[in-house]
Amino acid sequence: MAKIQAIRGMNDVLPDQTSAWQYLEKVMRELLSAYAYQEIRFPILEQTQLFKRSIGEVTDIVEKEMYTFEDRNGDSLSLRPEGTACCVRAAEQHGLLYNQTQKLWYMGPMYRHERPQKGRYRQFYQMGVEAFGMPGIDIEAEILMLSRDLWERLGIADVLTLEINNLGTAEDRIRYGEALREYLKQHEAALDEDSRRRLDKNVLRILDSKVPATQALLADAPQMPDHISPQSAAGFAALLDILDAASIEYVVNNRLVRGLDYYNGMVFEWTTDKLGAQSAVCSGGRYDGLSRQLGGTDTPGVGFALGMERMILLLEELGRLPADTGRTVDVYIAVIGEGVRRQALMLGQEIRSQLPGLRVLTHCGGGKYNSQLKKAFASGARVAVILEGDGELAEIKLRILDDDGETTSLSPASLCGWLSEYFG
Ligand code: HAM
């Protein structure tokens, strides 16, 4: 019978990879806590309508990428393709947005039926940050500072570039959209098929087109900054001032519109040239209209999400994972002969209870001493504790694996004291 395989574009994270994930998660959790953000968790499945009304009907995500199905009640449900809409839905539903501000984060899998390639998957993990109830540029600057702090803590700040743009107010967007449409209508025949389809429904997305002929047309098109209201432009300039003061370098990219429709005001992407085509590792912006669009209160919102697989790829590719990532065992208890199996298990318990910081692996399942020792070396353990004999143990042998296997022996009673000193 053929073996069943995982779904294309959905990855298993194997034991030798999980320590890199745990490292990334730990650094993120510590940073988010330092900024006083709180974690929120919401379901992986939501009503399809939630994403249609937030991300937008004429977007790649909603048109082609959602995993949508009818459940047994005939309701249309979708696996979440992103977290912002879910976060707004949850915060609104539980009254978290009523006369309050919130600084929230989440982590978990998202689902998009895209063509899988390096850095692009159908199930991928995001860590997202959403701040609610705060208009103005201070919170915008703060989330950019938070993201830059994260790159610094991970040691990857040197390979990331911040691209930023101002989409203006909702009215600015409409006005600019009309000007752009009017121009592009005159050149409709020269547009690629996707762009032609977007002309009436989502004209700003054409700015993102990678088709050279469309790019060429856009060079002479009306420009976004000329259609931004003075107040919004002044706010954006003040935001850039703060970034300058915080020594955060940026590139203003007036074509950056993002693939989700809920944004207004500032939008941004942190990109890298180290991951091939999938260059965006973290993206976000302001979305003041979203809560109301979903039938809730009029609450300003701003946030970002980063792709965790892309972060891990980057850390691996640049060799920026800490040297001991992957080491999961400190002490390996080897067992020679059936007579000391029980003692080995008890000794493992004792070390764990007396020295709770140590990671202790008791060898189970039998096998020759040499093969146990090989396993001990491979596990990254620094010390092998060797039990041999029948019943009572007068002496325990130790092999210092750090030191290419130098051996020594001591009494069982002095083992924990010895380990405590050795591991400092
Ligand atoms: P997004 O740009 O669609 O924005 O996704 C955010 C990040 O998720 C991307 O920068 C990328 O690193 C990662 N990502 C997206 N698609 C894939 C994929 N197929 N495979 C691997 N990684 C991927 C959002 O999702 C917004 N909710 C961000 C946001 C939060 N805006 C405001 N708050």
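Just so you know, ligand 1 is whichever comes first in the structure, and atom 1 is the first atom listed for that ligand. Counting begins at 1 with the first residue of the sequence.
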**OP:** Would you sort out whether Ser76 and Thr48 count as a side chain to side chain donor-acceptor pair (under 3.5 Å), showing the intermediate values?
**Re:** CA-CA 6 Å; Ser76 178; Thr48 303; 2.7 Å; yes
Original post:
Does ligand 1 have an atom that lies less than 4.0 angstrom from a heavy atom of Tyr262?
Top reply: yes
Original post:
So which protein heavy atom does atom 7 (C) of ligand 1 come closest to, and at what separation?
Top reply: Ala305 O, 3.6 Å
Subject >> Per-atom contacts, ligand 1 versus Leu260 - under 4.0 Å to a heavy atom >> reply: 3 (O), 4 (O)
**OP:** Kindly compute the distance separating CG (Leu243) from CD1 (Ile164), expressed to the nearest 0.5 Å.
**Re:** 5.5 Å
**OP:** Could you tell me if any non-hydrogen atom of Gly259 lies under 4.0 Å from any atom of ligand 1?
**Re:** no
**OP:** State the atoms of ligand 1, each with its element, that fall below the 4.0 Å cut-off from a heavy-atom position in Gly284.
**Re:** 31 (N)
Subject >> Asp261 with Lys201: basic N within carboxylate O range, under 4.0 Å >> reply: no
Original post:
How close does the nearest protein non-hydrogen atom get to atom 5 (O) of ligand 1, and which residue and atom is it?
Top reply: Gln126 NE2, 3.2 Å
**OP:** Show which atoms of ligand 1 fall inside a sub-4.0 Å distance from at least one heavy-atom site of Glu130.
**Re:** 30 (C), 32 (C), 33 (N)
Original post:
Just how far is it from atom CD1 of Ile61 to atom OG of Ser78, taken to the nearest 0.5 Å?
Top reply: 11.5 Å
Original post:
Taking both backbone and side-chain atoms of Glu114, is any N or O found less than 3.5 Å from an N or O belonging to ligand 1?
Top reply: yes
**OP:** Decide whether the shortest distance between a heavy atom of Trp270 and an atom of ligand 1 is less than 4.0 Å.
**Re:** no
Subject >> Contact summary for Leu256 and Asn165, nearest pair of heavy atoms >> reply: O-ND2, 2.9 Å
Original post:
If we only count heavy atoms from C-beta on, is the Tyr98 to Glu92 side-chain gap below 4.5 Å?
Top reply: no
Original post:
Among protein heavy atoms, which sits nearest to atom 10 (O) of ligand 1, and what does the distance come to when rounded to 0.1 Å?
Top reply: Ser283 OG, 2.6 Å
Subject >> Atoms in ligand 1 with a heavy atom of Thr84 nearer than 4.0 Å >> reply: 26 (C), 27 (N), 29 (C), 30 (C), 31 (N), 32 (C), 33 (N)
Subject >> Shortest protein contact, atom 27 (N) of ligand 1 (heavy atom only) >> reply: Glu82 OE1, 2.5 Å
Subject >> Backbone or side-chain N or O of Arg120 under 3.5 Å from ligand 1 N or O >> reply: no
Subject >> CA sep, side-chain torsions, deciding dist, call: Trp21, Tyr125, ring-ring contact (aromatic ring centres under 6.0 Å, His included) >> reply: CA-CA 10 Å; Trp21 283 77; Tyr125 282 72; 5.4 Å; yes
**OP:** Run the numbers for me: atoms of ligand 1, each under 4.0 Å from some heavy atom of Cys282, listed by number.
**Re:** 10 (O)
**OP:** Could you name the option among Phe124, Phe268, Tyr121 that has the heavy atom nearest to atom 23 (C) of ligand 1?
**Re:** Phe124
Original post:
Which pair of non-hydrogen atoms, one from Gly83 and one from Phe42, has the smallest distance, and what is that distance?
Top reply: O-CZ, 3.7 Å
**OP:** Could you tell me which non-hydrogen atom of Asn202 sits nearest to which non-hydrogen atom of Thr59, and how far apart they are?
**Re:** ND2-CG2, 4.2 Å
Original post:
Taking only heavy atoms of Phe304, which atoms of ligand 1 are found under 4.0 Å from at least one of them?
Top reply: 29 (C), 30 (C), 32 (C), 33 (N)
Original post:
Hey, which atoms in ligand 1 end up nearer than 4.0 Å to a heavy atom of Tyr263?
Top reply: 26 (C), 28 (C), 29 (C), 31 (N), 32 (C)
Subject >> Tyr332 and its side-chain hydrogen bond (donor to acceptor under 3.5 Å, both in side chains) partner, picked from Arg399, His363, Lys375 >> reply: His363
Original post:
So is Glu309 close enough to ligand 1, meaning a heavy atom under 4.0 angstrom away?
Top reply: no
**OP:** Taking the side chain as every heavy atom from C-beta outward, state whether Thr328 and Ser379 have any atom pair closer than 4.5 Å.
**Re:** no
Original post:
If you measure every N/O of Ala280 against every N/O of ligand 1, is any gap under 3.5 Å?
Top reply: yes
Original post:
Any idea which heavy atoms bring Pro81 and Met110 closest together, and the distance?
Top reply: O-CB, 3.7 Å
Original post:
Taking N or O atoms only and a 3.5 Å limit, does Tyr106 qualify as a polar contact for ligand 1?
Top reply: no
Subject >> Minimum side-chain heavy-atom gap Lys118-Gln278 below 4.5 Å >> reply: no
**OP:** Could you tell me whether some N/O pair between Gly307 and ligand 1 is separated by less than 3.5 angstrom?
**Re:** yes
Original post:
So, does Gly119 sit close enough to ligand 1 that a heavy atom of it is under 4.0 Å from the ligand?
Top reply: yes
Subject >> Minimum side-chain heavy-atom gap Tyr23-Thr18 below 4.5 Å >> reply: no
Subject >> Shortest non-hydrogen contact from Leu347 toward Ile333 >> reply: C-CD1, 4.3 Å
Subject >> Per-atom contacts, ligand 1 versus Gly303 - under 4.0 Å to a heavy atom >> reply: 30 (C), 31 (N), 32 (C), 33 (N)
Original post:
Does ligand 1 have an atom that lies less than 4.0 angstrom from a heavy atom of Arg122?
Top reply: no
Original post:
Do any N/O atoms on Gly83 end up under 3.5 angstrom from N/O atoms on ligand 1?
Top reply: no
Original post:
Nearest protein heavy-atom contact for atom 1 (P) of ligand 1: which residue, which atom, what distance?
Top reply: Arg258 NH2, 3.5 Å
